[in-house]
There are 2 protein chains.
Amino acid sequence: MANMKEIARLSRVSLGTVSNVLSGLPTVSEPLRLRVMAAVESLGYQPNQLARGLRRDKTNIIGMIISDVSNPFFPAVVKGAEDTAFNNGYRLFLCNSDNNFAKEETYLRELQTYLPSGLIIMTSDIKGSTKLAEAYRAAGSHVVYVDRLPHQWDGDTVTSMNEQGSYDATKYLLSLGHKRLAMISGPSLLTNSGERVAGFRHALEEAKIKLPAKYIQEGDFNKQSGYEKACFLLQMDPRPTAIFAANDLLAFGAMNAIRDMGLRCPEDISVIGFDNLDLAEVVTPPLTSVEQSGYNLGAVAAQLIADRIRGDGSPRRAHVLPTTLKLRASVAKVPKEKATRKITK
Amino acid sequence: MANMKEIARLSRVSLGTVSNVLSGLPTVSEPLRLRVMAAVESLGYQPNQLARGLRRDKTNIIGMIISDVSNPFFPAVVKGAEDTAFNNGYRLFLCNSDNNFAKEETYLRELQTYLPSGLIIMTSDIKGSTKLAEAYRAAGSHVVYVDRLPHQWDGDTVTSMNEQGSYDATKYLLSLGHKRLAMISGPSLLTNSGERVAGFRHALEEAKIKLPAKYIQEGDFNKQSGYEKACFLLQMDPRPTAIFAANDLLAFGAMNAIRDMGLRCPEDISVIGFDNLDLAEVVTPPLTSVEQSGYNLGAVAAQLIADRIRGDGSPRRAHVLPTTLKLRASVAKVPKEKATRKITK
DNA sequence: GTGAAAGCGCTAACAT
DNA sequence: ATGTTAGCGCTTTCAC
């Protein structure tokens with residue numbers, strides 16, 4: 001590949017002048033600038049980012065650590081981050097931690113030596129990662145935690161209104177007469193899951209509805225887990241009339257469990273999810289869900305980094321993005337007590 | 001961050017020795033090796049990948065260009081590639097082209113200056129990208145095209161058995177008595193779409209079934225497009241009794257259209273998709289679909305690159321991964337002519 | 001306004 | 001077996 005030396009030779013100027021032209025310094029005279037640009041064009045020259053980064057002590061990379069690309073909520077976050085980063089001249093280096101903190105740590109350590117301008121991190125460990133994140137900061141990289149937050153982090157964050165969204169969903173169920181509400185939560189260590197549980201509890205407390213301990217089952221944010229926890233809930237006596245699932249995957253699993261046990265959604269059991277995945281409207285019945293914008297989660301995080309790089313030195317930002325309850329057919333009024341179906345399998 | 005010079009000072013050896021220790025050269029004496037390792041440990045030293053890459057003229061980056069992260073089929077491909085790359089010591093630099101060739105080109109040009117060891121590319125332009133890919137090769141990077149192939153590419157590739165899978169799906173519909181089979185294809189420029197159409201045609205020709213030109217509608221691999229094309233097909237006279245969609249998103253859209261027009265799937269119309277997304281079994285009715293492994297697509301591509309880097313100089317490889325028809329409830333026997341429902345809306 | 005030269009952190013060739 | 005040194009491609013002083 002052509003390098004700067006060749007451009008310099010071809011346009012009969014010094015190395016420094018080529019650099020100045022490429023950096024857009026206004027001190028270069030027009031004739032020289034044109035000669036350099038012509039050479040750049042003719043050779044299709046692209047500056048070597050490795051050398052530039054090494055010299056500048058900073059690259060145009062924004063690292064992004066996510067816990068699992070294959071969870072259908074995350075691609076939207078990645079896309080939002082990638083779009084925004086690209087439009088600001090940054091490139092996304094994607095690292096998939098597989099919810100494995102050791103892998104996350106390996107990535108964090110090595111990624112840092114690529115001297116990224118920023119880091120967007122969806123941590124898989126609420127406790128451990130801030131020390132490494134501090135190292136990024138110390139090296140002049142801007143760090144934003146997204147979706148789930150570590151304790152002990154005093155920097156920028158972007159999350160959704162998990163508690164409010166869950167509160168709204170629960171109030172909605174209550175408004176339809178439901179009194180036996182159960183929840184399938186995510187891993188209790190994750191702050192987003194904790195907030196969703198808090199919103200659920202909050203609404204129930206306000207309505208003075210008592211919540212049997214077993215009515216909250218801790219799942220794992222995937223369909224399989226939703227299926228299993230729903231099976232447990234559906235066999236309880238009394239059986240809940242509504243299930244609030246902490247994400248749509250859990251809700252899909254719950255809907256499958258309801259069907260497999262010979263019950264009907266929403267006639268026997270109402271279900272609400274969280275995320276409002278594209279496919280919430282494809283399942284039958286279409287799933288009522290708390291919408292959060294994964295795209296914006298990523299986009300706001302990337303924009304925050306771009307702003308910080310441009311010198312925005314304002315105090316810590318904690319963006320909390322709105323949620324909206326999307327009403328669909330998976331929720332109905334509470335069934336009359338007599339009408340309650342027996343499980344048929 | 002600590003650098004090699006500090007390690008050298010701390011362990012009282014020369015820079016070169018530190019380098020030799022870190023590169024695992026056996027020529028270093030044990031005492032010195034231990035001293036160096038101790039210093040590395042105590043400072044948590046990580047080699048600067050920018051400097052190393054600049055010097056070695058190659059980094060441990062594998063670039064990956066995909067057309068759209070938010071298409072639910074692709075995250076599995078990314079995950080397969082990332083897993084395999086990571087396990088071989090490589091890191092994935094993810095670029096999202098948004099099906100925009102200009103963006104793809106920008107990424108390709110810039111990414112190359114990061115001196116990646118390899119490139120996995122799902123091109124958005126069947127014609128144009130090979131020139132740039134050749135430049136990667138010339139620079140010693142290994143390139144694998146995945147999922148859809150450019151014409152004019154004589155290097156390594158990984159794809160699924162698109163034609164065979166589609167042939168199987170079509171044969172299955174024929175075996176159930178369907179005679180009026182329609183297809184919603186993907187963009188005709190993409191080779192994967194073309195192969196799926198070919199498999200469909202092939203099976204029909206074998207069965208001597210004539211295919212009205214309008215029975216193949218070209219869609220765009222998304223749900224919206226599936227909905228629109230299905231609406232068109234459903235209003236044709238005679239109406240097809242089965243629709244083969246070139247991917248599951250198109251199939252989901254088609255199923256929505258069928259429902260919205262007051263028809264029933266599978267009683268009035270059978271539907272088969274391609275990809276077998278997780279959600280194929282969640283929709284109602286569960287979708288019959290040609291399964292392909294996105295994970296393996298990515299994993300095989302990454303492994304191919306890792307092998308090439310290790311010196312595998314064998315001739316061009318064209319991996320073609322198997323597909324499997326997953327039978328579910330979205331397909332039924334052809335309805336009796338009399339039973340054919342009128343469109344109710 | 002332009003050019004010369006130092007140096008970012010590392011590797012590899014060479015000298016000892 | 002270990003140390004010394006040139007140089008990867010670039011940016012950024014500093015002379016002129």
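Numbers restart at 1 for each chain; the letters A, B, ... are given by sequence-line order, proteins then strands. Keep in mind it's a predicted model, so treat the numbers as computed, not measured.
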Roughly how far, to the nearest 0.5 Å, is the OG atom of B:Ser67 from the CG atom of B:Leu190? 8.0 Å
Would you mind reading off the distance between B:Asp57 atom CG and C:dA12 atom C1', rounded to a whole angstrom? 13 Å
Go through the steps to decide whether A:Val77 and A:Met122 satisfy the test side-chain contact (heavy atoms from CB on, under 4.5 Å), and finish with yes or no. CA-CA 10 Å; A:Val77 186; A:Met122 190 177 300; 4.1 Å; yes
Applied to residues 110-124 of chain B, the salt bridge (charged side-chain N to carboxylate O under 4.0 Å, His left out) test, sequence neighbours excluded, yields A:Arg91-B:Glu110
Nearest heavy-atom contact between B:Ala302 and B:Ala81 is CB-O, 3.6 Å
Interatomic distance where CG belongs to A:Leu25 and P belongs to C:dT2 [whole Å]: 12 Å
Starting at CE of B:Met1 and ending at P of C:dG9, how long is that distance when rounded to a whole Å? 9 Å
What integer distance in Å separates A:Arg52:CZ from C:dG9:C1'? 19 Å
Can you name the residues that form a ring-ring contact (aromatic ring centres under 6.0 Å, His included) with B:Phe86, not counting sequence neighbours? A:Tyr107
According to ring-ring contact (aromatic ring centres under 6.0 Å, His included), who are the partners of A:Phe221, at least two apart in sequence or on a separate chain? none
Return all side-chain donor-acceptor pairs below 3.5 angstrom for residues 1-23 of chain B, not counting sequence neighbours, or 'none' if the list is empty.
unit_1  : atom_1 : unit_2  : atom_2 : d
B:Asn3  : OD1    : B:Lys5  : N      : 3.2
B:Asn3  : OD1    : B:Glu6  : N      : 3.1
B:Ser11 : OG     : B:Ile7  : O      : 2.6
B:Ser14 : OG     : B:Gly16 : N      : 3.4
B:Ser14 : OG     : B:Thr17 : N      : 3.3
B:Ser14 : OG     : B:Thr17 : OG1    : 3.2
B:Asn20 : ND2    : B:Gly16 : O      : 3.4
B:Ser23 : OG     : B:Ser19 : O      : 2.8

Write out a two-atom table: protein N or O, nucleotide N or O from nucleotides 4-6 of chain C, distance below 3.5 Å.
none

Which pairs, with at least one residue in residues 55-82 of chain A and sequence neighbours excluded, count as a salt bridge (charged side-chain N to carboxylate O under 4.0 Å, His left out)? A:Asp68-B:Lys79, A:Lys79-B:Asp68, A:Lys79-B:Asp98, A:Glu82-B:Lys103
Name the first nucleotide and the last nucleotide along DNA chain D (5' to 3') that come under 4.0 Å of a heavy atom in chain B. D:dA1 to D:dG9
What's the CG-P distance between B:Leu115 and C:dC10, to the nearest Å? 17 Å
In short, A:Leu94 meets B:Leu94 closest at the heavy-atom pair CD2-CD2, 3.6 Å
With sequence neighbours excluded, tell me which residues meet side-chain contact (heavy atoms from CB on, under 4.5 Å) with B:Gln303. B:Thr84, B:Asn88, B:Ala306, B:Asp307, B:Arg310
Take B:Arg308 and B:Asp156 through the test salt bridge (charged side-chain N to carboxylate O under 4.0 Å, His left out) and record every step on the way to the result. CA-CA 10 Å; B:Arg308 293 294 189 197; B:Asp156 293 329; 2.8 Å; yes
Is the charged tip of A:Arg137 near the ring of A:Trp153: under 6.0 Å from the six-membered ring centre and within 45° of its axis? yes
Carefully, step by step, assess B:Thr159 and B:Val146 under the rule side-chain contact (heavy atoms from CB on, under 4.5 Å). CA-CA 6 Å; B:Thr159 52; B:Val146 160; over 6 Å; no
Between the axis at one end of the helix from C:dG1-D:dC16 to C:dT16-D:dA1 and the axis at the other (five pairs apiece), what's the angle to 10 degrees? 50°
Take B:Arg12 and B:Arg56, find for each the nucleotide of DNA chain D with the closest heavy atom, and name the residue whose nucleotide sits nearer the 5' end. B:Arg12
Within the sub-3.5 Å range, which N or O atoms of nucleotides 14-16 of chain C have a protein N or O partner, and how far apart are they?
none

Counting only non-hydrogen atoms, which of residues 27-50 of chain B are less than 4.0 Å from DNA chain C? B:Tyr45, B:Pro47, B:Asn48
Distance, nearest 0.5 Å, that separates CD1 of A:Ile65 from CG of A:Asn96: 9.5 Å
Pairs satisfying salt bridge (charged side-chain N to carboxylate O under 4.0 Å, His left out), at least one member in residues 30-42 of chain A, at least two apart: A:Glu30-A:Arg33
Minimum heavy-atom separation for A:Glu104 to A:Ser97, with atom names? CB-CB, 3.9 Å
Name the residue closer to the 5' end of DNA chain D, choosing between A:Asn3 and B:Pro26 according to the nucleotide with the nearest heavy atom. B:Pro26
